[in-house]
Participant: 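Once you've had a glance at the structure underneath, I'll fire off some questions.
All ligand and atom numbering here is 1-based and tracks the order in the structure.
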Amino acid sequence: MVGPNLWGVVGREAGSAEGFFYSPAFEELTHDWTIAELDAFLKSPAERVPGTFMAFGGIKDEQQRQDLICFLQQLN
Ligand code: HEM
């Protein structure tokens, strides 16, 4: 398993998937995954959370990010 389970991630506290080993950078996050926080993170993970283990360049296209976040909201 490369990344944390994203079931129910929208509205969940950041870095709280049970049993997943997060980066120190992620351990410091205290916010919940609101739409706005997810949008900023998925646009550019490493800029939003310097030091993150998430090796992903991000999604620059706003419409694609919105579509993806809508999809994530359905995982509940
Ligand atoms: C569209 C694709 C992706 C989405 C929507 C996504 C979404 C997310 C989200 C929302 C989190 C935070 C979860 C939490 O707080 O529990 C996260 C964390 C993480 N993701 Fe992704 N991710 C994607 C692609 C990837 C890829 C390609 C990788 C690895 C190659 C990856 C690896 C990780 C890792 C390791 C973390 C934990 C970060 C850390 O501890 O610093 N993700 N991802």
Side-chain angles (χ1 to χ4, degrees):
M1 209 164 66
V2 175
N5 190 331
L6 297 181
W7 191 265
V9 73
V10 180
R12 190 175 82 194
E13 189 186 342
S16 65
E18 212 177 305
F20 188 80
F21 182 77
Y22 289 94
S23 61
F26 242 71
E27 294 288 354
E28 283 181 18
L29 300 181
T30 54
H31 64 76
D32 289 346
W33 285 120
T34 60
I35 305 292
E37 287 288 355
L38 272 172
D39 188 61
F41 179 63
L42 293 173
K43 185 176 183 181
S44 184
E47 273 182 81
R48 187 64 173 179
V49 185
T52 180
F53 287 168
M54 178 155 143
F56 183 62
I59 298 169
K60 306 305 171 200
D61 185 282
E62 189 168 346
Q63 184 64 53
Q64 284 186 3
R65 283 200 312 279
Q66 283 183 13
D67 291 346
L68 177 60
I69 291 167
C70 278
F71 168 73
L72 291 173
Q73 271 188 297
Q74 293 173 14
L75 307 180
N76 247 307

Participant: Taking a cutoff of less than 4.0 Å between a non-hydrogen atom of the residue and any ligand atom, is Ala14 in contact with ligand 1?
Facilitator: yes
Participant: Specify the protein heavy atom at minimum distance from atom 11 (C) of ligand 1: its residue, its atom name, and the distance to 0.1 Å.
Facilitator: Phe41 CE2, 3.8 Å
Participant: Do Val49 and Phe26 come within less than 4.5 Å of each other through their side chains, counting heavy atoms only?
Facilitator: yes
Participant: Just how far is it from atom CZ of Arg12 to atom CG of Asp32, taken to the nearest 0.5 Å?
Facilitator: 10.5 Å
Participant: Can you tell me how far the OG1 atom of Thr52 sits from the CG atom of Leu29, to the nearest 0.5 Å?
Facilitator: 8.0 Å
Participant: Pick one of side chain, backbone, both or neither for how Phe26 approaches ligand 1, counting any non-hydrogen atom pair under 4.0 Å.
Facilitator: side chain
Participant: What's the spacing between Trp33 CH2 and Asp39 CG if we round to 0.5 Å?
Facilitator: 11.0 Å
Participant: Nearest protein heavy-atom contact for atom 10 (C) of ligand 1: which residue, which atom, what distance?
Facilitator: Leu38 CD2, 3.6 Å
Participant: Can you figure out which of Phe20, Trp33, Tyr22 has its heavy atom closest to atom 16 (O) of ligand 1?
Facilitator: Tyr22
Participant: Where the side chain of Ser16 meets the backbone of Glu13, is there a donor-acceptor pair that is under 3.5 Å apart?
Facilitator: yes
Participant: Which N, O or S atoms belonging to the protein are less than 2.8 Å from atom 21 (Fe) of ligand 1?
Facilitator: Met54 SD
Participant: When you look at CD of Glu47, are more than 12 heavy atoms from neighbouring residues, nucleotides or ligands closer to it than 6.0 Å?
Facilitator: no
Participant: Nearest protein heavy atom to atom 38 (C) of ligand 1, by residue and atom, and its distance?
Facilitator: Thr52 OG1, 3.4 Å
Participant: Below 3.5 Å, N or O to N or O, backbone or side chain included: is there any such pair between Gly51 and ligand 1?
Facilitator: no
Participant: Might you confirm whether atom CD of Glu28 has over 12 heavy atoms from other residues, nucleotides or ligands at distances under 6.0 Å?
Facilitator: no
Participant: With Glu62 as reference, evaluate Gln64, Lys60, Arg65 under the side-chain contact (heavy atoms from CB on, under 4.5 Å) test and give the passing residue.
Facilitator: Arg65
Participant: Taking only heavy atoms of Phe53, which atoms of ligand 1 are found under 4.0 Å from at least one of them?
Facilitator: 35 (C), 39 (C), 41 (O)
Participant: Give, for atom CE of Met54 and atom OH of Tyr22, the distance between the pair rounded to the nearest 0.5 Å.
Facilitator: 11.5 Å
Participant: Specify the protein heavy atom at minimum distance from atom 39 (C) of ligand 1: its residue, its atom name, and the distance to 0.1 Å.
Facilitator: Ser23 OG, 3.3 Å
Participant: Checking contacts here: is it the side chain or the backbone of Leu42 that comes within 4.0 Å of ligand 1, counting heavy atoms only? Could be both or neither.
Facilitator: side chain
Participant: Can you tell me how far the CH2 atom of Trp7 sits from the CD atom of Gln74, to the nearest 0.5 Å?
Facilitator: 9.5 Å
Participant: Are any of the side-chain heavy atoms of Val9 and Leu75 separated by less than 4.5 Å?
Facilitator: no
Participant: With heavy atoms of Gly15 as the reference, note each atom of ligand 1 found under 4.0 Å away.
Facilitator: 14 (C), 15 (O), 16 (O)
Participant: Between ligand 1 and Glu13, is the shortest N or O to N or O distance under 3.5 Å?
Facilitator: no
Participant: For the atom pair CG (Leu42) and CG (Leu72), what is the distance rounded to the nearest 0.5 Å?
Facilitator: 7.0 Å
Participant: Using heavy atoms and a 4.0 Å limit, tell me yes or no: is Glu27 in contact with ligand 1?
Facilitator: no
